[in-house]
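Shown next, in structure tokens, is the structure this report addresses.
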Amino acid sequence: MSQAFTKSMARNIFFGGSTFFFLLLVALTFDTMQVLPKRDHRENITPAVERGKLVWEKNNCIGCHTLLGEGAYYAPELGNVYARRGGGEFIKAWIKSRPAEGTPGNRRQMPQFNLTDQELDDMVAFLKWTGEINTAKWPPNIEG
Ligand code: HEC
């Protein structure tokens, strides 16, 4: 004869399970709070990085690009562009050299933003800082 599944057994499973998963949630939350500050190296957020983020937002770069996976899939991932292109000179030259009228015959175009030298330097500082976030090796390949 199989044993009856009593009300009190059901209650114990409910309260035991709830307590276990609540404690697990608290532990994982605590762990995240400990680990995140080390991974995003926020101590390296200089005024230039902050200004670069504003240039990024003002010009809606994310309307075409992704940054660490977030954003639009029209243009390449830029979270690792600093490493991909070996530093800031390429990035500045690229942004500066976009033709004002677009490139004829090329359907995927990046506009000319007419950024000042200061804005270009700040943008590079922002992309360098972003590239140094510990993302556990994501994106998995350097082309983004
Ligand atoms: C209208 C869409 C659009 C916007 C907005 C845009 N881009 Fe781009 N961007 C592109 C496209 C498309 C490419 C790739 C072109 C190609 O491969 O020929 C590109 C390429 C780049 C590259 C070179 C990537 C590489 O791997 O070589 C950089 C750097 C870049 N963009 C930076 C920016 C920044 C910074 C902003 C904001 C100021 C921005 N883009 C805004 C469309 C855009």
Side-chain angles (χ1 to χ4, degrees), residues 5-144:
F5 186 71
T6 62
K7 258 189 178 177
S8 84
M9 285 162 84
R11 193 169 48 226
N12 287 345
I13 290 171
F14 173 73
F15 283 118
S18 299
T19 308
F20 174 77
F21 283 108
F22 179 72
L23 291 177
L24 188 65
L25 174 75
V26 171
L28 288 176
T29 304
F30 184 76
D31 181 60
T32 301
M33 300 305 286
Q34 300 294 106
V35 166
L36 270 190
K38 290 176 214 143
R39 292 177 65 144
D40 67 14
H41 69 114
R42 59 188 66 173
E43 66 280 3
N44 296 331
I45 301 180
T46 60
V49 173
E50 287 178 4
R51 288 193 304 268
K53 180 169 179 283
L54 287 179
V55 178
W56 172 269
E57 287 168 356
K58 213 174 74 188
N59 293 285
N60 191 26
C61 308
I62 208 145
C64 290
H65 291 274
T66 49
L67 194 65
L68 304 181
E70 295 286 335
Y73 292 97
Y74 181 72
E77 163 70 42
L78 293 185
N80 56 357
V81 72
Y82 189 89
R84 174 160 70 241
R85 300 301 177 206
E89 289 315 310
F90 172 92
I91 297 173
K92 289 196 268 186
W94 170 274
I95 297 172
K96 271 204 268 194
S97 65
R98 291 311 84 209
E101 306 303 328
T103 34
N106 180 355
R107 286 187 297 135
R108 290 174 73 230
Q109 293 164 352
M110 172 159 154
Q112 174 56 256
F113 288 97
N114 298 311
L115 299 184
T116 63
D117 286 342
Q118 171 80 57
E119 287 173 320
L120 287 167
D121 286 337
D122 294 343
M123 175 58 70
V124 166
F126 173 64
L127 290 175
K128 179 174 189 289
W129 177 83
T130 308
E132 288 164 359
I133 294 172
N134 175 357
T135 56
K137 297 195 174 28
W138 198 95
N141 80 55
I142 195 68
E143 285 304 326

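None of the values given here were measured: they were computed from a predicted structure. Order of appearance sets the numbers: ligands from 1, and atoms from 1 within every ligand.
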Discussion item. Could you work out, for atom 17 (O) of ligand 1, the closest of Trp56, Trp94, Tyr82 by heavy-atom distance?
Written reply: Trp94
Item to complete: Indicate, as side chain, backbone, both or neither, the part of Arg85 found under 4.0 angstrom from ligand 1 when only non-hydrogen atoms are considered.
Response: side chain
Practice prompt. Mark the output for Gly63 as yes if a heavy-atom distance to ligand 1 is under 4.0 Å, and as no if none is.
Written response: no
Discussion item. Taking CZ in Phe5 as the centre, count heavy atoms belonging to other residues, nucleotides or ligands within less than 6.0 Å. Is the count above 12?
Written reply: yes
Response to the item:
To the nearest 0.5 Å, atom CZ of Arg98 lies from atom CG of Leu115 at 12.5 Å
Worksheet item: Ala75 heavy atoms, cut-off 4.0 Å: which ligand 1 atoms fall inside?
Response: 9 (N), 10 (C), 11 (C), 12 (C), 13 (C), 42 (C)
Practice prompt. Could you tell me which atoms of ligand 1, counted from 1 in the order shown, lie closer than 4.0 angstrom to a heavy atom of Met123?
Written response: 35 (C)
Item to complete: Applying salt bridge (Lys or Arg N to Asp or Glu O under 4.0 Å), run through Asp121 and Lys92 and close with a yes or a no.
Response: CA-CA 8 Å; Asp121 286 337; Lys92 289 196 268 186; 2.7 Å; yes
Worksheet item: Does His41 use its side chain to pair, donor to acceptor, with the backbone of Trp129 at less than 3.5 Å?
Response: yes
Item to complete: Check whether any side-chain N or O of Arg51 sits under 3.5 Å from a backbone N or O of Ala125 as a donor-acceptor pair, and report yes or no.
Response: no
Practice prompt. Count the heavy atoms belonging to other residues, nucleotides or ligands that lie under 6.0 Å from NZ of Lys53, then report whether that count exceeds 12.
Written response: no
Discussion item. Looking only at distances, can you tell me whether any N or O atom of Arg84, backbone or side chain, sits closer than 3.5 Å to an N or O atom of ligand 1?
Written reply: yes
Discussion item. I need the atoms of ligand 1 closer than 4.0 Å to a non-hydrogen atom of Ile95, numbered in the order shown.
Written reply: 35 (C)
Item to complete: Taking only heavy atoms of Asn60 into account, list the atoms of ligand 1 that are under 4.0 Å away from them.
Response: 5 (C)
Worksheet entry | Under-4.0 Å heavy-atom contact with ligand 1, by part of Leu127 that carries it | neither
Item to complete: Give the intermediate values and the outcome of side-chain contact (heavy atoms from CB on, under 4.5 Å) for residues Trp56 and His65.
Response: CA-CA 11 Å; Trp56 172 269; His65 291 274; 4.3 Å; yes
Discussion item. Angle at atom 8 (Fe) of ligand 1, SD of Met110 to NE2 of His65, rounded to 10 degrees, please.
Written reply: 170°
Item to complete: Pick one of side chain, backbone, both or neither for how Cys61 approaches ligand 1, counting any non-hydrogen atom pair under 4.0 Å.
Response: both
Worksheet item: Which atoms of ligand 1 are found less than 4.0 Å from any heavy atom of Asn59?
Response: 38 (C)
Worksheet, complete the sentence: The atoms of ligand 1 lying under 4.0 Å from a heavy atom of Phe90, numbered in the order shown, are 27 (O)
Worksheet item: Any sub-3.5 Å donor-acceptor pair from Asn59's side-chain atoms to Cys61's backbone N or O?
Response: no
Worksheet entry | 2.8 Å cut-off met by an N, O or S atom of Cys64 to atom 8 (Fe) of ligand 1 | no
Worksheet item: Would one find more than 12 heavy atoms of other residues, nucleotides or ligands at under 6.0 Å from atom CD of Glu70?
Response: no
